[in-house]
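Written out below as structure tokens is the structure these notes cover.
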Amino acid sequence: MADAGNKESAPIGGDEFTNTELENNKNNTMVEEGSTLLRRMEISVAEAEKRTGKNTVNMQEIFTVYLIETRPIDAITEGHNPAAPDSLWRRYSEFEILRNYLLVTYPFIVVPPLPEKRAEFVWHKLSADNMDPDFVERRRVGLENFLLRMASHSVLSNDKILYHFLTEEHRWKEVVYETGFQAKAESRIKALSATFRVKNPDKRFTEMKHYSDELQSLTSQLLRVRARVADRLYGVYKVHGNYGRVFSYAASVDDMLEEEEHYADQLKEYLFYAEALRAVCRKHELTQYELETASSDLISKKQQREELATGMVRTFSFKGMTNKLFGQETPEQREAKLSLLEEQIVQGEETVTEKTVECEEYVKGAWVDMQRFKEQKDRDLREALIGYAIMQISMCKKGIQVWTNAKECFHKM
Amino acid sequence: MSRTIDAGVSPTQTNTIPADISGQMLDLDEDDDLEVFSKDSTLADGNMFNASMLTSPGSMVNQCKFEEDEESDSKDIFITVDNPESHVTAIETFITYRVLTKTTRSEFDNSEYEVRRRYQDFLWLRGKLEDAHSTLIVHPLPEKFVVKGMVERFSGDFIETRRKALHKFLNRVADHPILSCSEDFKVFLSAQAWELTTYKKQGPGFLSRMGETVRAVANSVRGVKNRPEEFTAIQEYVEDFSNKIGSLDKVTQRIVKEQKEYLEELKEYGPTYTLWSGSEEELAEQLKGVAGCIERCCKETEEQVGHLSDTLVPVLHEYVLCAETLKAVLRRRDNIQAEFEAKNEALATKKVDRDALKEEIDKLEDRVEWANNALKGDWGRWQRSMRGDLKSAFLSTAEKNVDYYEKCLAVWETFLLSQRTEPSEETDRDNTP
């Protein structure tokens, strides 16, 4: 159960991403040998329950809590009676806090999304009610998926806070707030929505950002149309029910519902993932922008120093004009200014160096994780599409069965 | 003494559809449609009446062979209705249909006739047939004007639907052992337009028809006193049939509507996958594959809905109209009996010319017996063709639906197969020198 230490700042150590690992980034798949939490621990979100309690304004509220069960893997593989899993209850809002913490702490990682807060893309029979048992069940599955994705991520799975989330019911919130991530979370949000012009972003990131926008709008559109199609198809089956039980699709209609929603959930995960991907790209732009700003600041300071030192005015400046009009400053004033500038330049050079390193490391780490994400996405969506085809096939088979039976009945008319 | 009509054998109502009913009705809509194919289905059952029970004196069928439904290879008259054409006159615009007749029947001078008829002509023919044979079951005509579907009188679909129904009507008449011998029918098939117009002007005038109607109304108000059991049974059957067929008709039309709406959404669905494929690399082919599958299923769905509209919907609708025809026939039979009963009572009570009245009563009694036998005979005939029509329409629908699902299944299975062989295809590519 090794801790990886404090994770306040960008935690890329130089040795974590060697060249060979970068080249073989295909090996940094979801379940990596020996370095992810999932290899050491079984995690599941086993149940959901309703609770009542008082909220922040002291009013009664009903909410759902989810049971997280964990068990070290060695306890099982030894073949003895496996010990009972450790368990604790968490509500959705706590998952949100965890995710916000991770977003701030690992800005270069495409952090797995949570299942939707409210039911979207709802069609006819589905309820938009958060308390609806089907919704709660799908959310339970989504939360489990969320935890499993993180526990199998080579970087995220080593996070201490994640581990505490899974194992310590009561102190966890205090610990996470102590990290001070909330302040960072706010500035992150501001930064992500700010507009600024970056001169030389990494082209790959620009492309990725563009892709993330497309992914978001495409999956969103697909989900919308799919919901309408499902709604209509359900209507067709339902009306057939009026013929009588001879044409009953009844049983399969409910199965159809469940499978349709599972497919939709798979798509939704990547709809939300698109946002996370976009955030990683934006963070790159931000760091790049900061670097560019620092660089141009430095350049202008150096120019100012040169002008002061040589007395030549290279560029137009207001100061230059007033100097011409009202006479120049005294040598003492100039000396003071020069030494200030020298200090600033030294600082500026430090800043530029820092920012350059920050930028480079960010790009390296983010690019690796984006590649990992891309492969994961291709795999997952491929499976989802295959699952969809299988679902269609089973619906067709059901249809054949129903109408073949009907034919038998008609023959006897 | 009033005479009574012998009661016939009451029809049995057995279930011939082994529906696997296990109690609960499905979740039905506000309309609360009946569960049509249920344990009490009388829809498909026939009763025991035999056409050969008809032994009426004064029958008008001496010239015609009166047998059970003949097989099509012994048919001696073939009629088609086709080729709708629009005619424009100063007063109106209307459609005529070509009616082509090929026959070997001796009462026809030629063996082939080609005439053009408009809907009004068909209405006239049917009216004449019903007048002459008030207790025979004359196949209904398509409705005058379809308000419900907001169909234009001159839209292609409407004309085609009407054409098919007119074709069916004439063929039903031609198949009928009594009706097909009608002179009006013969004229309809063979006369030129102006000849028909002249012919139509003959026959009972307006006033005598009015008289008929008034008598009929008077009698229906009076009501029949001793309706034979068998006709009550038929009436109950017809009530039930009317409800069931009405439900079937409504449900089927709803299905068509829902399926069309589903198709509309499905048409937009495939393209979203194609659109997505444009942004992907590895996934592009798969996404396009799914899009292709959906598009092919769209085509199949369109075909399936078309089949439903062409095959099942018209037949159900036809029998909805039949139900009304049957009710009218039963009413007319009742009126004939009521008239007889009235006169019969008068014999006992009123002080009139007993001899003359007795003669009239005898005639009416014959009329009643003839009417009853005609109906009884036709009833069996009608049930057989109804059963045949519905069975074939439902069978065809079921077959088409099985076909539809089989085709869609094949589409998705092909896609799935392509997905599962892809990885090995890739390794093959790697290994080839």
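Sequence lines set the chain letters: A, B, ... in the order given, protein chains first and strands last, and positions in each chain run from 1. All of these numbers come straight from a predicted model, not from anything done at the bench.
- With A/Lys377 as reference, B/Glu280 is the one residue of B/Glu281, B/Glu282, B/Glu280 to meet the salt bridge (Lys or Arg N to Asp or Glu O under 4.0 Å) rule.
- Annotation for B/Leu409 and A/Cys396: closest pair N-SG, 3.7 Å, computed over non-hydrogen atoms.
- Here the CD atom belonging to A/Gln221 is positioned 11.5 Å from the CH2 atom belonging to B/Trp276, to the nearest 0.5 angstrom.
- More than 12 heavy atoms of other residues, nucleotides or ligands shown are found within 6.0 angstrom of NZ on B/Lys267.
- Between atom SG of residue B/Cys293 and atom CD of residue A/Gln392 there is a gap of 9.0 Å, rounded to the nearest 0.5 Å.
- At a 4.5 Å heavy-atom cutoff, the contact between B/Val402 and chain A is made by backbone and side-chain atoms alike.
- Taking NZ of A/Lys398 as the start and OH of B/Tyr405 as the end, the distance is 11.0 Å to the nearest 0.5 Å.
- For the atom pair CH2 (A/Trp403) and OG1 (B/Thr397), the distance works out to 7.0 Å, reported to the nearest 0.5 Å.
- The structure places CD of B/Gln286 at 8.5 Å from CG of A/Leu381, a figure rounded to the nearest 0.5 Å.
- Rounding to the nearest 0.5 Å places CD of A/Glu408 at 9.5 Å from CG of B/Leu395.
- By a heavy-atom distance cut of under 4.5 Å, A/Tyr211, A/Glu214, A/Leu215, A/Leu218 are the residues of residues 209-218 of chain A near chain B, going up by number.
- A distance below 6.0 Å separates the ring centres of B/Trp412 and A/Tyr388.
- Without hydrogens or angle criteria, B/Lys391 side chain to A/His411 main chain gives a donor-acceptor distance under 3.5 Å.
- When all heavy atoms are compared, the tightest approach of A/Arg382 to B/Leu283 is N-CD2, 3.8 Å.
- Residue B/His307 places its NE2 atom among more than 12 non-hydrogen atoms of other residues, nucleotides or ligands, all under 6.0 Å distant.
- With respect to chain B, the highest number of heavy-atom pairs below 4.5 Å among A/Thr219, A/Ile386, A/Val225, A/Leu222 belongs to A/Leu222.
- Taking a cutoff of 4.0 Å between a charged side-chain nitrogen and a carboxylate oxygen, A/Lys397 and B/Glu406 do not qualify as a salt bridge.
- Residue B/Tyr269 touches chain A through both its backbone and its side chain, counting heavy-atom pairs closer than 4.5 Å.
- Residues of residues 258-266 of chain B that come within less than 4.5 angstrom of chain A, heavy atom to heavy atom, are B/Glu258, B/Gln259, B/Glu261, B/Tyr262, B/Glu265, B/Leu266 in numerical order.
- Within the 4.5 angstrom heavy-atom criterion, no atom of B/Ser392 approaches chain A.
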